[in-house]
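So you know, we letter chains A, B, ... as the sequences are listed, proteins then strands, and number each from 1. All figures in this text were calculated on a predicted structure; none of them were measured in a lab.
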Amino acid sequence: MLKGYLKYFLNKLGWFALTFVFAFLLNFILPRLMPGDPVAAIVSRFAQGMSNTSGVQAIYEQYTELFGTNKPMTEQFFIYLKNVARGDFGFSFSQYPRTVADVIKSSIWWTIALQFPAIIVGWLIGNTLGALAAYLKGGFDKVLMPISLFVSNFPTFGMAVIFMVVFGVNLKWFPTSGGYGFDLIPNFSWNFIQSVIVHYQLPFWSIVVIAIGGQAIGMRSMSIYELNADYVKYSRFMGIKDRKIVGYVFRNAMLPQVTGLALSIGTMVGGALVAEIVFSYPGLGTTLLRAVLGQDYPLISAVTLIITVMALFANFIIEILYGFIDPRIKATQSD
Amino acid sequence: MANTMLEVKDLSTKYVTRFNEGVYAVDRVSLKVEEGKSLGIAGESGCGKSTLALSLMGYYFPPLHYMNGDITINGNNISGLKAEDVRKTILGKEVAYIPQAAMNALNPTRKIIHFIEDVILEHEMYVTKKDIYGRAKKLFETLGLPPEVLQKYPVELSGGMKQRTVIAISVMLLPKVLIADEPSSALDVTSQKMVIKMLKHLMEAGFISSMIFITHELPLLYNVVDDIMVMYAGQIVEKGSSHEMVFDPIHPYSKGLMGSIIVPEKGLRDVKLTAIPGVPPNLKKPPAGCRFAERCRFVRPECRVTDVAMREAEHGRMYRCIIPEAELREAYAREEHKNG
Amino acid sequence: MKHILQQVFRSGKFVTGFSIFMAIILIVVFYPMIITDAPLSIIGQGTFFPPGIYVSVYDSLSSTTYILNLDDATTKRITNKLNDEDRVSIKEWLVAAGIPESEIDTTDTQKLLDQWFTNYDSQKNVPGMTNAKRNYYVRLNTALKSLLSPEAAAVMQVNPLNNELEQIGTINQTDYVNVGEVANIRILPLGTDNFGRDVLTELVSATRVSLQIGFVAGIIATLIGLTLGLLAGYIGGFVDDIITFITNLFIVIPPFVLLILISFSIGQEQRGAFTIAVVIGFTSWVWTARAVRSQVISLRNRDHVNLSKLSGHSIVHIILNDILPYILSYVIMAFILQISSGILAEAGLSILGLGPRTTDVPTLGLMMNWAMIYQAHILGNWWAYMPVLVTIALITFSMNLMNTGMDQIFNPALRD
Ligand SMILES: Nc1ncnc2c1ncn2[C@@H]1O[C@H](COP(=O)(O)OP(=O)(O)OP(=O)(O)O)[C@@H](O)[C@H]1O
Ligand SMILES: [Mg+2]
């Protein structure tokens, strides 16, 4: 059994590593496919809005070196690799003289603390509701399903805007933007924590609601499918009580939902990033927006790399957990 | 006289679809199976064989609904019992069932032994898991199944092995009646043989006291069961001993059905029961009168007027036709003569 | 084929989705034939004019005036002028002047005015009142008085001969013009946006462009996905391994990240709506490829395919005749899904500022982006973003309904 799991784990690990290498390569190659000297293009774009010419010059030189644009591609790659391995992404154009690493360090935790709990909570609630809809049928199903269908078709940013207008602007229950009160300095005072919690609600729930919609629909059809499966009928006629059968069914219906989550986490993260922007939440989404507005290439590149790694990692964790909860994995891998 | 294991009188059940229409798939069926005997049920696809199998156990859940009739299993009338009592005291214990698609009859994420535990713990109070394992192991060994199967998940078993495992689980509690719904139709030839051998063995070794065997492969039925019933559009149209039913059918439908397989050649063993021209009636609105009238070559105007009752023939045989047995036989003889 | 269509149109969900979608298409096609304005032309000077009927004041002056004596005209006029803040301020003053709070009702305009005029005294000093506030009350008082006074307003014009201001007419409170006789009226059902453009006209045009983006992206994604899926599923072996590997890679790498990188690399100038559509198409074929592959694998050993192989048909023939027809429903469903997700992807990109360049055509995403940048949602200018959101939701919702309807027809196992 354990051997089976180990095999599964190593398999996934290898796969994860390969994907990571590939994502890294993409991140390196895509911007270099731009015609012309990327550094010149980047810096000239950026320099349009900058009055400090010595600053531009400094950045230009630094980037020529960082990118190694005068060297052949393979060498450039190893320079990039070395820099990234050290966590050195250079200076941020738009927030000079802050380094990219610094900018990311101050926003990444916001994103992690917002998105992953939201996606997981949305997943849990959505699956519970979907299972209930399949099992209870009737009125509950008739009300829940059209709502879920409609909600799941909404773009995440749309839900964010609506939440903001309803609960932030009109009802004034929650603040409409930022991660904490603009007059506060991050520290561990009760005041600050309270402010963070209050600011957390709207972005959090708008991501949750979107996730609920999609998951509920998936879980409902999975459960209906399982409820009609032959083993349900057989178990019933062998005298097993309904409560136990429902247990079988939901466990089996949930398993594909777990892999579904692993597969769709990349898409979900994309939607949630845009939701951050709506609320000016101080996470990676907003950082990305500022980087785009400031034509801040190094920051964009680093943020996209980090987001990819986060999504890959989440995916990996889910797959690993999946190996634990689906007994078939251990069983079928061992022989 | 031998004990009656299962007796059903005028049992009717229906499906209620989500548009609230009734599908009257079992209509006033009566049958009787005695200890040590096996009964085969044959009929075209969609005639209600599986529905009858499900209805015989006295445990109904949507979309299937009980309408009326009595079911007596091993002397106890179970029609009046509460569903919960039927579940605890009858299912698995008195009557067990092997579903049509036994390939998928096992929960894919539960080990075989755990499912067996679930089944036994529903019916017996003071057993330990160790006892259950011991019993299961012994049963599997007796039935020629490797006991390692117990520790496996269904995905790890081949189709034939899965089917035999399901059968073994079904007889775990030594039921009086075993209802097998096409237990071998989805399997390859070797596995089919093993399954049939296993079912015969179950009867001989006393794991079960009687059996109902459903299939549309008549040659198989002829080899396995003592009596055969032919079903058409939710009703029994004829019953008798398997030899008589195959070589001397009375009802025009049985005649047509058997006609196609009198010589069970190799190539014919898969012939589906569609040799008779025409299609069966819609069970949502069964026609008045004889349900077979539409396709019957001896049809008369009276056929479509009132329900046709079962008639008795020699050796306790029964058939559902307004034309007397003798006349039918004459007609068959004339046809045979004409065809040379 | 005809049979399948009949079946599909019997599904209530499909029909609902289809009707919504067709309605959108019809509006997008016929609206520009009726309203021929350029969607991006700036007509309003200023931001976010609310929806309504705009009547030219100048033309009203030169139209025939009719005198209507209506009893409630004055009250209505004042009710309209006094906003909630004014009412609260009046209340504050009255309370300071010693009127018990219980006797003041800010919703009863007539009573409030009576109380105001009997009690207000510009000389009286309320403790704690700033100078600004005092001036505000004076202004408010004059404004209210002039509304109540039956005096006419004068209309002046500069005489071109001597450059002097001359009175050319008066406007009484009882003067009316017939809207039908005013030369210039503009109906702005959804007001104007932050640049002063007619939101409705812009929205219709944006919907058209976004749908086009969706279609182009969908066609590209479906073609790539279909080709890869067919190859992987039918040929199998090494080809399958490679394609599956690539597909799995692109499934876990967030497609949005790829979109961002590519869009940014292309640069603002090169980013037309069509380019964006192509980029979206190239980053969203994975799901189709996956689905097609597994369908083809389950098909490729069916009897009819084997028969076709035995009769020596070419791969292309087999794929076209024996495989494609069986997966067509899946492919169509995937295509529909791609369209709606393409529209959403464009919107997401545009909000990030990486959408199509902003100068030639509007898209739903760009409209959303503009509204957000100009804080329409915080300022309460719902007409600038709500119609956009509703349109996006209607499009995706209608497409998903069509899909669900088809799914129920083609996958009876899920039917319920
Ligand atoms: N869940 C259901 N809801 C409504 N009608 C049903 C349902 N299941 C079966 N039926 C209908 O009841 C009738 C009898 O079906 P049943 O499955 O008992 O036939 P069968 O003789 O076992 O056929 P087969 O040989 O194909 O197994 C058929 O007309 C079928 O369409
Ligand atoms: Mg059946």
Side-chain angles (χ1 to χ4, degrees), chain A residues 15-16 18-19 22-23 26-27 30-34 38 41 45 134 137 149-150 152-158 161-162 164-165 168-170 176-177 217 221 224-225 228 262-263 265-267 269-271 273-274 277-278 285 288-289 292-293 297 300-301 303-305 307-308 311-312 315-316, chain C residues 13 245-246 248-268 287 290 340-341 343-345 347-349 351-354 365 368 371-372 376-380 382 385-386 388-390 392-401 404 407 411 413-416:
Chain A
W15 167 248
F16 175 65
L18 253 175
T19 317
F22 185 76
L26 272 184
N27 216 283
L30 278 179
R32 283 171 178 74
L33 293 180
M34 274 190 288
R45 262 192 238 163
K137 299 189 191 126
L149 199 64
F150 190 75
S152 68
N153 284 299
F154 232 74
T156 320
F157 65 82
V161 170
I162 286 173
M164 173 164 177
V165 169
V169 178
N170 289 341
T176 54
S177 72
I217 292 172
S221 37
I224 289 177
Y225 180 80
N228 293 325
L263 290 177
I265 202 131
T267 319
V269 166
L273 283 176
V274 183
I277 294 174
V278 174
L288 195 58
L289 175 69
V292 170
L293 293 180
Y297 173 72
I300 293 179
S301 161
V303 169
T304 48
L305 187 63
I307 293 171
T308 311
L312 288 190
N315 186 285
F316 179 64
Chain C
K13 281 185 182 150
F245 180 78
I246 297 175
N248 284 346
L249 275 183
F250 280 103
I251 275 179
V252 284
I253 296 176
F256 197 59
V257 163
L258 285 179
L259 268 182
I260 291 172
L261 277 180
I262 300 176
S263 297
F264 186 77
S265 303
I266 293 172
Q268 160 89 19
W287 292 98
R290 221 178 128 95
S340 64
S341 70
I343 291 171
L344 289 184
L349 267 185
I351 288 182
L352 256 183
L354 288 172
M368 200 66 210
M372 312 278 305
H377 51 309
I378 296 182
L379 299 175
W382 57 267
Y385 62 88
M386 223 32 211
V388 182
L389 281 183
V390 170
I392 294 180
L394 277 182
I395 294 177
T396 49
F397 186 56
S398 64
M399 299 201 137
N400 221 311
L401 272 185
T404 318
D407 212 18
N411 288 336
L414 293 177
R415 188 184 296 179
D416 196 36

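Residues meeting the ring-ring contact (aromatic ring centres under 6.0 Å, His included) test with C:W382, sequence neighbours left out: none. Residues passing the side chain to side chain donor-acceptor pair (under 3.5 Å) test with A:S301 are A:N27, sequence neighbours excluded.
Between C:H377 and A:I162 there is no side-chain heavy-atom pair separated by less than 4.5 Å. At least one side-chain heavy atom of A:W15 sits less than 4.5 Å from a side-chain heavy atom of C:N248.
C:V252 and A:A311 make their closest contact through O-CB, 4.2 Å (heavy atoms, listed as atom of the first residue, atom of the second, distance). In terms of heavy-atom proximity, C:L344 sits nearest to A:P155 at CD2-CB, 3.6 Å. The minimum heavy-atom distance linking C:G353 with A:V292 is given by the pair O-CG1, 3.8 Å. Nearest heavy atoms, A:L26 versus C:F250: CD1-CE2, 4.1 Å.
Proximity to chain C is limited to the side chain of A:I277, based on heavy atoms less than 4.5 angstrom apart. For A:V269, no part sits under 4.5 Å from any heavy atom of chain C, backbone or side chain. Proximity to chain A is limited to the side chain of C:I260, based on heavy atoms less than 4.5 angstrom apart. Of the two parts of C:M368, only the side chain, counted from C-beta on, holds a non-hydrogen atom closer than 4.5 Å to a non-hydrogen atom of chain A. There is no contact between A:V303 and chain C, counting heavy-atom distances below 4.5 Å.
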Using the side chain to side chain contact (heavy atoms under 4.5 Å, CB included) rule, take A:L18 and C:F245 through it: C-alpha gap first, then chi angles, then the decisive distance, then the call. CA-CA 10 Å; A:L18 253 175; C:F245 180 78; 3.6 Å; yes
Side chain to side chain contact (heavy atoms under 4.5 Å, CB included) for A:F22 and C:I246? Distances and angles first, verdict last. CA-CA 10 Å; A:F22 185 76; C:I246 297 175; 5.8 Å; no
Yes or no on side chain to side chain contact (heavy atoms under 4.5 Å, CB included) for C:M386 and A:V165, after CA distance, side-chain angles and deciding distance? CA-CA 10 Å; C:M386 223 32 211; A:V165 169; over 6 Å; no
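The structure places CG of A:L289 at 9.5 Å from CE of C:M372, a figure rounded to the nearest 0.5 Å. Rounding to the nearest 0.5 Å places CZ of A:F154 at 5.5 Å from CG of C:L389. Between the OG1 atom in A:T304 and the CG atom in C:L261 there is a gap of 4.0 Å [rounded to 0.5 Å].
Comparing A:V169, A:I265, A:L293, A:I217 by how many heavy-atom pairs each has under 4.5 Å with chain C, the most go to A:V169. Comparing C:L258, C:L259, C:V257, C:L352 by heavy-atom pairs within less than 4.5 Å of chain A, the highest count is held by C:L352. For the set C:I262, C:I351, C:V388, the count of heavy-atom pairs under 4.5 angstrom toward chain A peaks at C:I351. Interface check for chain C: of the options A:T156, A:L312, A:L288, the most heavy-atom pairs under 4.5 Å are formed by A:L288.
A ring-centre distance under 6.0 Å is not found for A:F157 and C:Y385.
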